[in-house]
Amino acid sequence: MNSTPLSLAQSLLRCPSVTPEEGGALAFIESVLKEAGFEVHRPVFSEPGTADVENLYARYGTGGPYLLFAGHTDVVPPGDLGRWRHDPFSGEIENGELYGRGAVDMKGGIACMMAAALEFIRANPDFSGSVGFLITGDEEGPAVNGTVKLLEWAKGRGERFDHCILGEPTNPGQLGDMIKIGRRGSLTGRIVVDGKQGHVAYPHLADNPIPGLLRLLEGLLREPLDHGTEHFDASNLEVTTVDVGNAASNVIPAEARATFNIRFNDLWTPESLEADIARRLSEAAGNSVRYTLRMEPTNAVAFLTPPNQFVGFIADAVEAETGLRPKLSTTGGTSDARFIVKDCPVVEFGLVGQTMHQVDERVSVADLDRLTAIYRKVLNAYFSSAP
Ligand SMILES: [Zn+2]
């Protein structure tokens, strides 16, 4: 079987695997990995109210150390097909660039992981240790029947991982820019201020909730949450909406609402943050503002994989291949790494993210080769001196 990163990526791009469709992508990975000697499983997970989703787990080797590659084959919808230069599911190449939905996020990354692992196993069939793949079909969608359940399932089988590389597109501009060694957490809160409806000409008979809401929001925003930590930017609170929904100019409304979202660093847990928010609101409210605060449940907790030997293997491989020393970053949104980190240290490094989720998503063919070479160097370093 042809296992260059380009041919693997093209085969994957030709599978229309828009969440929650498997589209043939996992079947393709299964056939390639099985042929290379991996033990492959295809667990399907369900949950009332969501579509069943197929997933894949594969392992080569039985001993330790165990290096796991993680990723997702599902993709976001292509949008208006007429806007694409090439059919998003055709795997077409133009001017050295491979086009298709998932080219960088993240079928291209999976192709590079597979190509690197196959090369490594061909060269070292009896290496001591294990290489595995944890691939979900539910990352871009509701993400309930994906990585979380797949990790639980693997744990139930007695699988234990030592380290994980998640191949999300981490580079903002060019290959080699950035490794992600952590992610911020995310927490959403909703405030409702109670008032009393009435005629604007008779305000003494009403209680306008809007000034109270303004005071609360001012209290939330007055002081920064923190000033950042060694590896994280400062935590940030954004008010995302303020709603009164009052169409009449002569009516004082009965209530006013606001929602905010916080992206927080490793100084906080959702619980400590909630306590701080509650304190700020109560100080701003004094005795005069009647309000309720409701924080939404979150599974997005801040985490950090401290820069150690494992992170060093990846940074060194990136530098050897690209000449760039990658920035160790914790920026951006959340990712499945937040689930994996509960089981083992996880580092994210993949392709260049510039066109992800866009029309004409594409990856340079040269980058596919270079990312494969980087993963290959990591495998060599990891199994010759496991951290
Ligand atoms: Zn992704």
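Read the numbers this way: they start at 1 and go in the same order the structure lists the ligands and their atoms.
Taking 4.0 Å as the cut-off between side-chain N and carboxylate O, E159 and K155 do not count as a salt-bridged pair. Residues E348 and R183 are paired through a salt bridge, judged by an N-O separation under 4.0 Å between the basic side chain and the carboxylate. A salt bridge links D207 with R290: at least one charged nitrogen is closer than 4.0 Å to a carboxylate oxygen.
Here E140 fails the criterion, with no N, O or S atom under 2.8 Å of the Zn ion (ligand 1). Residue contacts to the Zn ion (ligand 1): E168 brings an N, O or S atom closer than 2.8 Å.
When the Zn ion (ligand 1) is compared with the N/O/S atoms of D105, atom OD1 turns out nearest.
Judged by the 6.0 Å and 45° rule, R376 forms no cation-pi pair with F120.
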